[in-house]
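See below for the structure under consideration.
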Number of protein chains: 2
Amino acid sequence: VDADDAQRVNALLEPVHGADIADLIEQLTPQRRARFVRLYSGEFDAEILAEIDESIREQVIEQLPAEVLAEAVRDMDSDDVVDLVEDLEGPEREVVLAALDESDRIAVEQSLNYPEHSAGRLMQSEVVTAPEHWTVGETIDFLRAEDWLPDQFYHVVLVDPKRHPVGHVTLGRLLSSQRETKLADITEDSFRTIGVLEDEGDVAYVFNQYHIISTPVVDADGRLVGVITIDDAMNVLDEEHEEDVLRLAGVGEDSHVSDTAMQTARQRLPWLVANLFTASLSAMVISLFENTIAALVTLAALMPIVASTGGIAGTQSLAVAVRGLATRDLNKGNARRVVVRELFAGLLNGLGLAALLFAGGFVLFGDPLLGMVLAGAMMMNQIVAALAGVLIPLLLRRLGLDPALASGTFVTTLTDVMGFFVFLGLATWVLL
Amino acid sequence: VDADDAQRVNALLEPVHGADIADLIEQLTPQRRARFVRLYSGEFDAEILAEIDESIREQVIEQLPAEVLAEAVRDMDSDDVVDLVEDLEGPEREVVLAALDESDRIAVEQSLNYPEHSAGRLMQSEVVTAPEHWTVGETIDFLRAEDWLPDQFYHVVLVDPKRHPVGHVTLGRLLSSQRETKLADITEDSFRTIGVLEDEGDVAYVFNQYHIISTPVVDADGRLVGVITIDDAMNVLDEEHEEDVLRLAGVGEDSHVSDTAMQTARQRLPWLVANLFTASLSAMVISLFENTIAALVTLAALMPIVASTGGIAGTQSLAVAVRGLATRDLNKGNARRVVVRELFAGLLNGLGLAALLFAGGFVLFGDPLLGMVLAGAMMMNQIVAALAGVLIPLLLRRLGLDPALASGTFVTTLTDVMGFFVFLGLATWVLL
């Protein structure tokens, strides 16, 4: 790329899959990326464009010649076009939409009318349907005559005269049945539809839970408006996981490996500043006990042990709870049992750690009282940590918020404050 | 269930999907679970059994009557049987295998010979193949005549006389082509095979990256041995995410919402004990500066601010790096650039936080020197945190270990130790 050798770039990338080219583009520095897109623009196709990460898509699209962009967009299924267009601003969006055929444009514009992260944004409008009274033979003849079929489809959806889906037939079933068989006799038991307004996270859950490969989407009147396929659901699942991991760690979910240092710093600063304030709470708690510390400075050295082990326990409990909520393994039916379990698990580990600390404190300082203070504070903080880790995400969920959001900061603040308070409080009471 | 009313249980669960019944069973307490399985055993089918979580599968299988188990197992595809059998001990494994037909048993036993977490364990041995010279018509006639076809299949795999896969045709293509069309003329460009020994995580990546729906698995000689479908890949992706989230938080990856308090405590204790030792490092560092603290007790109250904000920054950088490694967005090609980016992001946020802390320290304590100590320590610790968050997982990966493993403990230990050391060290030097 640096040598500006378009031919060599094209030759090298000839055998490479579009998704890998997209990854390559993401990994370049912004300057090189611009040069690469210019050099390679002749070969830019639908596949590369669909795979490029949102964060840099706009930059790439701006640099593509209008006719290359139009060509690529015309080759895409409607769900990929929607995915592309929804991140674009006014003028670029118009260019893309103008490149589409009349009917495709209407389908895309209709999808864009559905709320973000809804099934309506995820679906493609190209659906293969058949009237419910057709036979296998009629269906095959119909499919052979059509030339607009989607790249990939897995079912023929049976619709009644009002376009309400009433069942679907797998292509495998269609191929292995005699021509005179009625479609209605070989539909799948597991048939279900998805509402166009359902949240994409719920859609991904349904696909994963019931091993669905593709399923029709219906509007409020129960009429067929599109179909969602498993590869889109897999993508959503992947993105939701990313969101959870990053949110739990207090990073904006839009962060990406291709971001610049400035973008990275800006995404992370809010949580760091928030932590500065919550950490000041700890500092205030400690300053209540300055006299105690002045009397026995060793306490200052020992206090982070109780606080940090509490932080770890809280993080453990939190990860299990957030993950359980995401997979719906943790729900109303068993929330109480899980909370009780966390309480006892915290108690058990608190006892174990307390025994270790007591022994350590006694051996190192020869002071059984100091050992008892350490052990008691550790036990209480472990219980607080285990409970906070599960109760805070449950509470956030109850409030309609994402349980992964901010939970980490809340939990560690609580374990820090409690750790310092209980340890120094006990020390003041017992040792002075 | 508590009323021991088998008929009511059966009636209530009649319309419920097998996967949901499996979830229900997971959420019961062990005693109720046993009673439920006894009551419901007549209706236990392949679907429920395949969906039950590994952690309780053994308990459930022990309680099922042998003939119900045999019936359920005969209805499963070979990959689900493998998944079931690989977790079972000697006698139960024999019972399940004995229930299978001769040919199915051989297929399952062969799969079990492949290493755990390999493509060989994931694949199903039922593959629909056709000789490469067949036409569409011949293939359809063949499919209509066969009665052993898998529940779901998405491609017909073309094989040469030695059973080497040479391409595949989607069922949609097959259905929409004329009978006289040659299969070889309508194969997919995107065709690729997977080696039977490939790691399941790599398989899931390939499915997600290239939007594959199903793909043949070949042995070392390139001969077809099975096929992997996207629903299995989606499952692996989901499990790998779970592993990452739990490992990052220092929880054993086998943890599950249905675990008892004792199991939970045991899974978490090792990391808590490890943290006890690493926290003792912090305590030792602090105790080096006991004289400084004795002279100015306020330092004891302020020191957690620097350490904990460093911990948050380290966790942020770590989450992005671990996630990037998992999705391969972070790789050899851009590792250096990402490390440099983290360095600068850490510097930028360090500057911002330092400015805030300096202002705060000056306003609260009226002491510019104390503000400077706070600011300086914060800046250094932010840089250390940002670098450690990306370098430690890269190093673990280089050593062939899972980057999610233990990274959290390493990073927060480092930020704690550095935070205390730099802050108290600077304070000793500047203030005393």
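All chains are named by letter (A, B, ...) in the order of the sequence lines, taking the proteins before the strands, and each is independently numbered beginning at 1.
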Any idea which of [options] has the most non-hydrogen atom pairs under 4.5 angstrom with chain B?
| options | result |
| --- | --- |
| E290(A), R173(A), M284(A) | E290(A) |
| I312(A), L248(A), V285(A) | I312(A) |
| D244(A), V297(A), T229(A), L288(A) | V297(A) |
| A313(A), S190(A), A279(A), A301(A) | A301(A) |
| I230(A), L348(A), V156(A), L356(A) | I230(A) |

For the residue pair [Y] / [X], report whether a side-chain donor-acceptor contact shorter than 3.5 Å exists.
| X | Y | result |
| --- | --- | --- |
| D416(B) | S308(A) | no |
| N235(A) | N208(B) | no |
| H241(A) | D238(B) | yes |

Rounded to the nearest 0.5 Å, what separation is found between the [atom1] atom of [X] and the [atom2] atom of [Y]?
| X | Y | atom1 | atom2 | value |
| --- | --- | --- | --- | --- |
| N275(A) | Q316(B) | CG | CD | 9.0 Å |
| T260(A) | F344(B) | OG1 | CZ | 12.0 Å |
| L357(A) | L276(B) | CG | CG | 4.5 Å |
| L269(B) | L351(A) | CG | CG | 11.0 Å |
| S280(A) | L302(B) | OG | CG | 9.0 Å |
| L237(A) | M234(B) | CG | CE | 4.5 Å |

Residues two or more places apart in sequence or in another chain: which of them pass ring-ring contact (aromatic ring centres under 6.0 Å, His included) with F153(A)?
-> none
Between [X] and chain B, with a heavy-atom cut-off of 4.5 Å, which part of the residue counts as in contact: side chain, backbone, both or neither?
| X | result |
| --- | --- |
| A204(A) | backbone |
| R192(A) | side chain |
| Q263(A) | neither |
| Q382(A) | side chain |
| Q152(A) | side chain |
| A233(A) | both |
| F142(A) | neither |
| M262(A) | both |
| V320(A) | both |
| L299(A) | neither |

Heavy-atom pairs under 4.5 Å with chain A, option from [options] with the top count:
| options | value |
| --- | --- |
| L175(B), D231(B), D23(B), L143(B) | L175(B) |
| T315(B), V245(B), L272(B), D329(B) | L272(B) |
| L24(B), N331(B), L347(B), T413(B) | N331(B) |
| S317(B), A321(B), A295(B) | S317(B) |
| L149(B), V338(B), T170(B), L174(B) | L174(B) |

Heavy atoms only: give me the nearest [X]-[Y] pair and the separation to one decimal.
| X | Y | answer |
| --- | --- | --- |
| A345(B) | A261(A) | CB-O, 3.7 Å |
| A19(A) | Q209(B) | CB-O, 3.2 Å |
| A300(B) | A300(A) | CB-CB, 4.0 Å |

Report yes or no: does N349(A) contribute a side-chain atom to a donor-acceptor pair with the main-chain N or O of A265(B) at less than 3.5 Å?
-> yes
R144(A) side-chain N/O to S177(B) backbone N/O, donor-acceptor pair under 3.5 Å |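 Yes.
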Chain A contact via R337(B) - which portion, at a heavy-atom distance below 4.5 Å =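 It is the side chain, since no backbone atom gets that close.
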Per-residue contact mode, E146(B) against chain A (heavy atom under 4.5 angstrom) = neither
Compare all side-chain heavy atoms of I213(A) with those of I213(B) and state whether any distance is below 4.5 angstrom.
-> yes
Heavy-atom side-chain contact between I286(B) and P304(A) under 4.5 Å | yes
Charged N to carboxylate O under 4.0 angstrom, E243(A) versus R323(B)?
-> no
Under the salt bridge (charged side-chain N to carboxylate O under 4.0 Å, His left out) test, which residues partner R328(B), sequence neighbours left out?
->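 Partners of R328(B) by the salt bridge (charged side-chain N to carboxylate O under 4.0 Å, His left out) criterion, ordered by chain and then number, come out as D202(B).
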